[in-house]
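Reading through the structure tokens given below for one structure.
Model, not experiment: these values are computed from the prediction. Chain A is the first sequence line, chain B the second, and so forth, proteins listed ahead of strands; every chain is numbered from 1.
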Amino acid sequence: MPELPEVEHIVRYLRPRLTGRRIEAVSVAALARPLVGRTIRDVARRAKLVLLPLDRGGTLVVHLKLTGKLWVRPAAEPPGRHARLVLRLSGEDALVLEDARRLGWARVHDDAALAAALARLGPEPLEPAFDLAALRARLHARRRSRLKPLLLDPAFVAGIGNIYADEVLFAARLHPLARAGDLAPPAARRLHAAIKRVLGRALAARTAEVPDQERVGAGGRGAARRLDLAVFQKDGQPCPRCRAALVRTVVQGRGTYLCARCQAE
DNA sequence: ACATGCACCTGGGAGC
DNA sequence: TGCTCCCAGGTGCATG
């Protein structure tokens, strides 16, 4: 499920529910020792990572990968079929990590390990520091790369995944296989504006949702039914811009959706 | 540098 | 209903 807008939404949902809570018990033995008795100081996000800094140092880091979900549920409620980690909290609640595909993870990092992990990540695309000049500098450094693999590279820019990479490229009218170094200034400007606009609008759309609604749309071809997407998993449907049929192709092994007319190579 | 393929895992939907 | 096949919103690594 989650790319930057979804993870940010989860973080905003969790923050008031977890801040100041003490961890009373942990379902996974390896995490019990560093977590039990600690208090969650805050809930933050970097790239697609959920960060729960703890009192007395250290941070619980969660990556939801493809299918992970984080919920605060009543501690008395039996955990769902895919629950992988349950933190029982002060106040009769539990933080539950569900992950059908088991690719997600939760680890406790000390401050040095956390800093090292975060240092490998590219810039936050919605931060003001990620301006046109910053993008152009990064495009130049990776000028032989194709655009979609670049957008998917966590070291190039943080938080963009397969859905929003396609949505960004459609909005910018750029072909997924175009070379970064071949972008004329107007194309680079379109790419920059599209990153900001697509992610910003997606975040606003998530914010308007009740968190439980995410359960309904998660998994499978669920994304295809999402009304806020222009091209992703909409092959065969008319392009919202020119009405030509959208097509599916494969780039870097990932399903890739585009309008071959609007996004000419 | 960059592309490609695979690895990690499991499940859901489509088609028969 | 039940099978098989295909696909899956992430990332790191190994190889050419």
*Please work out the stems of DNA chain B from pairs that are Watson-Crick or G-U wobble with both distances under 3.5 Å, keeping only runs of three or more consecutive pairs.*
B:2-8 with C:10-16, B:10-16 with C:2-8

*Scan for ring pair (Phe, Tyr, Trp, His ring centres under 6.0 Å) pairs involving residues 22-45 of chain A, sequence neighbours excluded, and state none if there are none.*
none

_ring pair (Phe, Tyr, Trp, His ring centres under 6.0 Å): pairs with one or both residues in residues 39-59 of chain A, sequence neighbours excluded_ = none

_Donor-acceptor under 3.5 Å (A/E167 side chain, A/V198 main chain)_ = no

Contact list (N/O, under 3.5 angstrom) for nucleotides 11-13 of chain C vs protein:
| from | atom 1 | to | atom 2 | distance (Å) |
| --- | --- | --- | --- | --- |
| C/dT11 | OP1 | A/H63 | NE2 | 2.8 |
| C/dT11 | OP2 | A/K48 | NZ | 2.7 |

Partner set under side chain to side chain donor-acceptor pair (under 3.5 Å) for [X], not counting sequence neighbours:
| X | answer |
| --- | --- |
| A/R46 | A/E124 |
| A/T256 | A/K148 |
| A/E8 | A/R12, A/R45 |

*Quick one, which residues of residues 100-107 of chain A touch DNA chain B with a heavy atom under 4.0 Å?*
A/A100, A/R101, A/R102, A/L103

Using residues 238-251 of chain A as the side-chain source, report each donor-acceptor pair under 3.5 Å to any protein atom, sequence neighbours left out, with the distance given to one decimal.
| from | atom 1 | to | atom 2 | distance (Å) |
| --- | --- | --- | --- | --- |
| A/R241 | NH2 | A/F170 | O | 3.0 |
| A/R248 | NE | A/Y257 | OH | 3.2 |

If you look only at distance, which donor and acceptor atoms sit under 3.5 Å apart when one is on a side chain in residues 180-187 of chain A and the other is two or more places apart or in another chain?
none

*ring-ring contact (aromatic ring centres under 6.0 Å, His included) with A/F130: which residues, sequence neighbours excluded?*
A/H192

_salt bridge (charged side-chain N to carboxylate O under 4.0 Å, His left out) against A/R142, all qualifying residues, sequence neighbours excluded_ = A/D153

